[in-house]
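Every number for a ligand or one of its atoms is a count from 1 in the order of the listing. The first residue in the sequence is number 1, and the count goes up from there.
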Amino acid sequence: MTRPEDSVRLVEVGARDGLQNEQRTLVPAIRAQLLTRLADAGLQTLEAGAFVSPRWVPQMAGTDEVFKALPARPDVTWTALVPNAQGLQAALDAGCREVAVFAAASEAFSQKNINCSIAQSLSRFQEVMVRAREAGVRVRGYVSCVLGCPFTGQVNVRDVATVSAALYGMGCYEISLGDTLGTGTPSATRALIEACAEEVPLSALAGHFHDTYGMAIANICAAMDAGVRVFDSSVSGLGGCPYSPGATGNVATEDVVYLLDGMGVRHGVNLDALIDIGTWIDAQLGRETASSVARAVLAKRRSGG
Ligand code: HMG
Ligand code: MG
């Protein structure tokens, strides 16, 4: 018998968090093709882009066209980032049914990323929440810099818990805890989850680990031990963060799927299809995969194993 704790929900962020930081900007048609193929591989929640200023993040320009090109699928949720009411309006106009707002636990990062303080961002998000509720659109919340800030270093987990509580309190159905810099370790991750779970139900917390220091899979294991069952990942480990110098992409979806398979945890994603999609998108971008699992499987395929 399968227990609820034997399954994990994966949120695929490659087409947003990944592509927003790749050198080569992909046209909306290719981005939509990537998303559609990922959904065909079994992913059911996918970030399709961001309704942010194209001056700040040119790679996400044309997110409205991406949405127009996506198939309506009852089994799939296509989502997008919105930083303010203007972004929400653009998302609604594009037919988006779920959005995500993004705050930070570090003042310096908040200023660099969205050009305002944490308090100002939260008050903007209040407006977004009201309008989203009227439109029947669900809102997810992100907190960046949960295990360190690229500009100020240490971040107190209490500050993360406070921002998480504010987002959850205003109606975000889930809070994704972003290790933007990828400096976190398993013990720090456990302390983070414990602190946030005092303010937000554990079932409403998600892990979003960048893999800069190679700790993302270990951090996912620690977060799972602490009870988290939702994780964000990017096919092929695409991307990074434009305001976090040196940060590499999110943990590769291929690596998370391999981990979950090994643990006997259900996730609904086809690993071989994922590896094929990763190979294709890497060719579009002129990059090498950042997934250890994809590298190993591709080498095995080449040797006929
Ligand atoms: P601002 O310059 O302070 O905005 O930027 P403003 O309100 O003063 O407006 C200036 C111009 O921007 C105006 O245009 C507005 O219309 C336009 P102008 O009159 O000069 O032609 N504008 C917009 N355009 C399109 N969409 C909008 C929008 N809002 C205003 N929504 C703003 C503030 C938030 C817009 C800007 O800072 C921005 O777009 N930042 C994007 C930041 C971003 O996308 N960062 C990456 C995503 S977060 C992330 O990766 C972390 C995460 O993965 C978790 C983790 O890993 O930690 C989620
Ligand atoms: Mg991120």
Side-chain angles (χ1 to χ4, degrees), residues 11-22 47-64 79-94 96 99-106 108-118 120-125 127-128 131-132 139-151 155 160 163-164 167 172 174-184 192 205-212 216 219 230-234 237-253 290:
V11 177
E12 172 61 43
V13 296
R16 192 279 304 170
D17 204 352
L19 296 185
Q20 78 183 7
N21 203 41
E22 290 293 339
E47 265 185 6
F51 292 97
V52 297
S53 164
R55 271 213 283 265
W56 286 63
V57 189
Q59 293 93 331
M60 290 293 101
T63 293
D64 53 341
T79 78
L81 289 196
V82 300
N84 51 21
Q86 186 176 336
L88 176 68
Q89 191 53 53
L92 295 177
D93 292 345
C96 184
V99 296
V101 292
F102 48 109
S106 146
F109 188 85
S110 183
Q111 290 290 350
K112 291 265 189 224
N113 195 32
I114 49 176
N115 205 24
C116 66
S117 69
I118 297 170
Q120 283 167 328
S121 74
L122 293 175
S123 107
R124 281 180 196 175
F125 299 154
E127 191 188 346
V128 170
R131 293 220 205 157
V139 184
R140 193 179 198 230
Y142 276 104
V143 184
S144 286
C145 300
V146 298
L147 291 169
C149 169
F151 309 107
V155 169
V160 182
V163 177
S164 301
L167 291 173
C172 291
E174 187 168 272
I175 308 301
S176 179
L177 300 169
D179 182 12
T180 321
L181 201 50
T183 48
L192 168 77
L205 292 176
H208 177 108
F209 297 103
H210 285 256
D211 203 25
T212 315
N219 292 340
V230 183
F231 295 100
D232 303 350
S233 61
S234 288
L238 292 175
C241 177
Y243 306 108
S244 177
T248 62
N250 289 93
V251 63
T253 311

Approximate separation, where rounding is to 0.5 Å, of Q111 CD and S106 OG: 9.5 Å
Proximity of V13 to ligand 1 by residue part, where a heavy atom lies under 4.0 Å: neither
Backbone N/O of N250 and side chain of D17: donor-acceptor pair under 3.5 Å: no
Polar atom proximity, V57 to ligand 1 (N or O, under 3.5 Å): no
Location of contacts on N250 toward ligand 1, heavy atoms closer than 4.0 Å: neither
Test item: T212 and L181 side chains (from C-beta on) under 4.5 Å apart, heavy atoms: no
R124 and Q120 side chains, donor-acceptor separation under 3.5 Å: no
Contact with ligand 1 for R55, non-hydrogen, under 4.0 angstrom: yes
Proximity of H210 to ligand 1 by residue part, where a heavy atom lies under 4.0 Å: side chain
Per-atom contacts, ligand 1 versus P83 - under 4.0 Å to a heavy atom: 31 (N), 34 (C)
Approximate separation, where rounding is to 0.5 Å, of S110 OG and L122 CG: 8.0 Å
D17 atom (N/O/S) at minimal separation from the Mg ion (ligand 2): OD2
Nearest neighbour of atom 22 (N) of ligand 1 from the list Q111, H208, K112, Q86, on a heavy-atom basis: Q86
Interfacing atoms of ligand 1 (cut-off 4.0 Å, heavy-atom, I114): 33 (C), 34 (C), 37 (O)
Residue selection (non-hydrogen contact nearest atom 3 (O) of ligand 1) among N115, V52, V146: N115
Ligand-residue contact atoms, ligand 1 with D17, heavy atoms, under 4.0 Å: 50 (O), 53 (O)
N or O contact, T180 vs ligand 1, cut-off under 3.5 Å: yes
Enumerated ligand 1 atoms positioned under 4.0 Å from heavy atoms of S144: 51 (C), 54 (C), 55 (C), 57 (O)
Test item: T79 and E47 side chains (from C-beta on) under 4.5 Å apart, heavy atoms: yes
Nitrogen or oxygen of R16 less than 3.5 angstrom from that of ligand 1: yes
Among W56, F102, F51, Y142, closest by any non-hydrogen atom to atom 48 (S) of ligand 1: F102
Closest approach to the Mg ion (ligand 2) by H210, given as the N, O or S atom name: NE2
Atoms of ligand 1, numbered as shown, that sit under 4.0 Å from any heavy atom of G87: 31 (N)
Intermediate values then yes/no, salt bridge (Lys or Arg N to Asp or Glu O under 4.0 Å), D232 and R140: CA-CA 12 Å; D232 303 350; R140 193 179 198 230; 2.8 Å; yes
Sub-3.5 Å N/O-N/O distance, R124 and ligand 1: no
Qualifying residue, where the test is side chain to side chain contact (heavy atoms under 4.5 Å, CB included) with C116 and the options are I118, I114, N113: I114
Proximal ligand 1 atoms for L81, defined as those under 4.0 Å from one of its heavy atoms: 47 (C)
side-chain hydrogen bond (donor to acceptor under 3.5 Å, both in side chains) partners for N115, two or more places apart: none
Sub-4.5 Å side-chain heavy-atom contact between V82 and V101: yes
Side chains of D64 and D93 in contact at under 4.5 Å (non-hydrogen atoms): no
Whether H208 and Y142 hold their rings parallel, tilted or perpendicular, with breakpoints at 30° and 60°: perpendicular
Per-atom contacts, ligand 1 versus N113 - under 4.0 Å to a heavy atom: 37 (O), 40 (N), 41 (C), 42 (C), 43 (C), 45 (N), 46 (C), 48 (S)
